[in-house]
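Values in this document were obtained by computation on a predicted structure and should not be read as measured data.
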Amino acid sequence: MRRFALSGKILTLLLMLAMTPAWAADATLNLKDADIRVLIDTVSEVTGRNFIIDPRVKARVTVVSSKPMPKEELYDLFLSVLQVHGFAAIPAGNSIKIVPDVSAKQGPVPNASSATPGSGDELVTRVVSITHVPAAQLVPILRPLIPQQGQLAAYQPSNSLVITDRAGNVNRLVKIIGRLDIPDQSDIEIFKLEHAYATDVARTLTTVLQKDAKGAALPGQAQISPDERTNSLLISGDKASRLRMRGIIADLDTPLDAGGGTQIVFLKYAVAEELVQILNDVSQNNSVINAATGQPGNGNANGNNRQSGGTSANGISIQADPQNNAIIITGPPAAQQEIKRVIAQLDIRRAQVMIEAIIAEVRLDLAKELGASFASLGQRGNGEAPAAVTNLGGLTSTVLGIQQAVTGGATTGVSIPAGLLVGGGDFNVNGDRWGIIVQALAGDTATNILSTPTIVTLDNEESEFIVGQNVPFLTGSFTGTNNGATNPFQTIERQDIGLTLRVKPQINDGTGIKLEIEQESSSISNSAAAVSASDIITNTRSIKTSVLAEDGQVIVLGGLIDDTFTDAQEKVPFFGDIPVLGHLFKSTSTQKVKTSLMVFIRPVILRDAAIADAYTRQKYSALRDRQLDGNIDSRGLIKDSAGRLPELEELITQLPDMNDEFITQY
């Protein structure tokens with residue numbers, strides 16, 4: 001039934017077209033909810049064109065025409081119907097392919113030009129050359145004007161745009177491009193000031209310029225930059241804006257009264273008391289200042305305090321206000337401007353340097369001892385006297401002490417040495433007493449002292465880092481008598497014992513950094529010599545040097561500072577050489593001590609607040625991560641997370657965002 005209805009519509013259409021004479025050039029087309037293939041067949045019959053239909057071309061179309069139209073207009077109407085339903089007609093030789101829009105631009109789309117731009121809904125590709133503006137800047141502007149199936153791309157080598165779309169829309173885009181592709185009207189002019197100071201005028205003009213709500217410059221608005229070296233202003237913008245700025249600058253660049261005046265310059269980074277000394281010296285030998293004052297200048301002030309400033313011989317007064325960190329200048333306007341120019345070049349932000357150090361002292365102590373000693377006491381009258389004694393390795397006193405302990409004698413002052421002791425003897429053989437001890441000892445000691453200090457200091461400023469103890473040292477003693485009473489007293493000097501690091505960085509041109517380094521590591525000695533001494537003995541390791549490093553480079557200082565090897569042997573002649581039994585008459589000790597001190601220095605330049613903040617957060621995060629790895633909040637008997645470091649934003653008080661209304665109100 002459906003096939004019969006469709007055939008009826010085709011028959012009606014053919015009868016309608018058949019009623020038109022064959023020689024007539026016009027045709028009337030009326031379709032209602034017809035298959036698109038019926039429309040294609042009709043257009044092919046009227047225009048004589050051949051069509052190749054993609055299998056994906058399926059739609060129901062409705063076309064209403066009130067009057068006959070030429071076959072060319074009929075074909076344009078046909079292209080519009082295809083565009084409405086998402087299809088395109090692509091010429092391919094003697095035929096025309098009808099395909100979906102999504103795949104049309106990959107086909108042989110005709111190339112349009114200014115001579116043959118195409119018309120209507122014909123799909124074309126056109127290359128548009130751009131003359132005055134970068135083609136890539138036009139892509140974001142034109143992209144919303146092209147449908148999703150269209151194509152827009154910029155080719156930078158030839159500064160051109162490639163557009164694929166319907167001919168009518170492409171022609172519209174070409175007209176828009178012609179309105180946008182115009183020569184830049186902005187230019188740069190230089191205004192040299194004679195009386196005013198370039199930085200002050202630039203600040204005033206910047207305040208006058210209008211800004212939009214986001215603070216961005218309005219289109220065509222002039223941009224102002226001061227050049228302090230030549231005391232000039234650089235104005236960029238369109239001609240109208242530059243003419244307006246030129247009039248304002250002419251009104252501002254006027255001389256002050258001949259008598260001059262007083263100006264106050266508030267410093268941002270420099271110290272007023274230090275800077276005023278330099279300015280006083282400059283004012284005596286500067287030709288511009290001397291010409292403004294009409295005096296040659298003698299290079300000396302008139303006797304006032306140079307630290308706080310004073311009036312020089314050429315009439316210029318430069319004073320420092322320490323409370324406000326400001327410079328007060330009195331004199332002719334030209335001289336004031338020259339001094340302010342010098343201040344602007346000196347009052348700049350100084351870079352900071354972060355010095356990261358790794359200080360490691362490694363000590364290795366190996367010792368081995370093996371020996372034997374004996375003692376024999378014989379009867380001599382009513383007492384005892386040594387009959388035979390070997391004192392090898394200091395064991396004889398131990399033998400005598402053991403003997404006295406067995407026989408009930410005094411053993412005061414006898415110590416038992418470290419290691420394995422094997423002793424034996426007969427303490428009463430025919431009135432003679434004897435004893436023997438064999439000692440074996442092996443020692444292995446390792447010490448590792450590690451410190452990782454970090455210092456942040458200004459360029460050319462010395463910084464010091466000290467960690468340790470303040471230890472008293474006896475320097476003298478005296479005992480006096482007063483009315484028969486003894487009055488002893490001692491003098492004591494305290495010194496820092498521990499780790500000391502002093503660094504003075506100097507940033508050179510570029511990224512080079514000169515470092516003056518003083519590093520000292522001291523400790524209280526616990527050696528036998530220190531124990532037997534009447535006062536404290538300290539171990540000191542120090543390095544004092546100047547090195548040159550790049551920003552972020554690691555420099556190593558120090559090395560092996562002590563490597564001692566001691567091998568001692570004591571034996572009884574002849575008896576000590578007897579195989580096997582000779583070890584009873586021999587004592588051997590070997591000791592090896594090796595100490596290394598290594599200092600690693602890494603300087604990093606912090607040129608602005610953002611870099612300093614980044615390193616601060618990195619260091620804090622590393623410290624917090626190490627604490628969390630230690631699980632400090634769940635150790636011990638009390639479980640509490642209060643001892644855990646919080647996030648940096650929680651630890652530091654954060655200011656709320658303040659808008660203009662808040663600032664105006666408060």
Side-chain angles (χ1 to χ4, degrees), residues 353-370 417-419 440-456 463-471 473 495-505 513 515-533 535-550 552-568 588-604 615 618-619 622-623 625-627 629-630 632:
V353 180
M354 180 181 69
I355 297 99
E356 297 177 294
I358 301 176
I359 303 173
E361 181 176 346
V362 181
R363 178 184 174 91
L364 182 64
D365 194 342
L366 302 176
K368 289 186 178 181
E369 296 182 9
L370 178 63
L441 173 64
D444 188 349
T445 304
T447 304
N448 183 24
I449 302 174
L450 182 66
S451 178
T452 58
T454 300
I455 303 176
V456 177
S463 182
E464 185 178 55
F465 183 92
I466 299 177
V467 177
Q469 295 178 317
N470 193 257
V471 180
F473 289 86
Q495 296 182 8
D496 292 328
I497 299 297
L499 174 66
T500 302
L501 177 63
R502 294 184 183 91
V503 180
K504 182 179 180 181
I513 307 173
L515 300 172
E516 296 182 4
I517 304 171
E518 293 186 31
Q519 192 277 325
E520 180 178 326
S521 177
S522 57
S523 61
I524 299 176
S525 177
N526 56 0
S527 62
V531 173
S532 62
D535 202 354
I536 300 176
I537 296 179
T538 60
N539 299 322
T540 302
R541 312 278 192 267
S542 64
I543 298 175
K544 182 177 181 180
T545 183
S546 296
V547 298
L548 184 64
E550 292 294 321
Q553 182 184 5
V554 179
I555 298 294
V556 61
L557 309 174
L560 180 64
I561 59 176
D562 186 16
D563 191 357
T564 305
F565 180 81
T566 304
D567 188 7
T588 303
S589 64
T590 302
Q591 184 177 17
K592 183 176 183 180
V593 179
K594 179 180 291 187
T595 304
S596 300
L597 176 64
M598 304 291 287
V599 180
F600 300 89
I601 301 290
R602 178 178 180 260
V604 177
Y615 275 100
Q618 181 181 359
K619 288 289 186 182
L623 178 62
D625 292 342
R626 293 187 63 179
Q627 187 189 47
D629 293 340
I632 192 171

Exercise: identify the closest heavy-atom pair between [X] and [Y]:
{"X": "I359", "Y": "P453", "result": "CD1-CG, 4.3 Å"}
{"X": "V556", "Y": "F600", "result": "CG2-CE2, 3.5 Å"}
{"X": "P603", "Y": "L515", "result": "CG-CD1, 3.9 Å"}
{"X": "E361", "Y": "S521", "result": "OE1-OG, 3.8 Å"}

Can you list the residues that meet the salt bridge (Lys or Arg N to Asp or Glu O under 4.0 Å) rule with R602, with sequence neighbours excluded? E356
Report the residues that fulfil salt bridge (Lys or Arg N to Asp or Glu O under 4.0 Å) with E550, sequence neighbours left out, ordered by chain and then residue number. none
Considering residues at least two apart in sequence or located in another chain, which fulfil the side-chain contact (heavy atoms from CB on, under 4.5 Å) criterion with [X]?
{"X": "L557", "answer": "I517, I543, T545, V547, I555, V599, I601"}
{"X": "S463", "answer": "I455, T457"}
{"X": "V471", "answer": "Q469, F473, I497, I524, I536"}

Of all residues at least two apart in sequence or in a different chain, which pass the side chain to side chain donor-acceptor pair (under 3.5 Å) check with [X]?
{"X": "T540", "value": "none"}
{"X": "D625", "value": "none"}
{"X": "E464", "value": "R502"}

Measuring from [X]:[atom1] to [Y]:[atom2], what's the distance to the nearest 0.5 Å?
{"X": "T564", "Y": "K594", "atom1": "OG1", "atom2": "NZ", "result": "11.0 Å"}
{"X": "T590", "Y": "D567", "atom1": "OG1", "atom2": "CG", "result": "3.5 Å"}
{"X": "T566", "Y": "K592", "atom1": "OG1", "atom2": "NZ", "result": "11.5 Å"}

Donor-acceptor pair, S522 side chain versus G498 backbone, under 3.5 Å? yes
Heavy-atom side-chain contact between V503 and Q519 under 4.5 Å: no
With a 4.5 Å cut-off on side-chain heavy atoms, are Q495 and T538 touching?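 Of all side-chain heavy-atom pairs linking Q495 with T538, none is under 4.5 Å.
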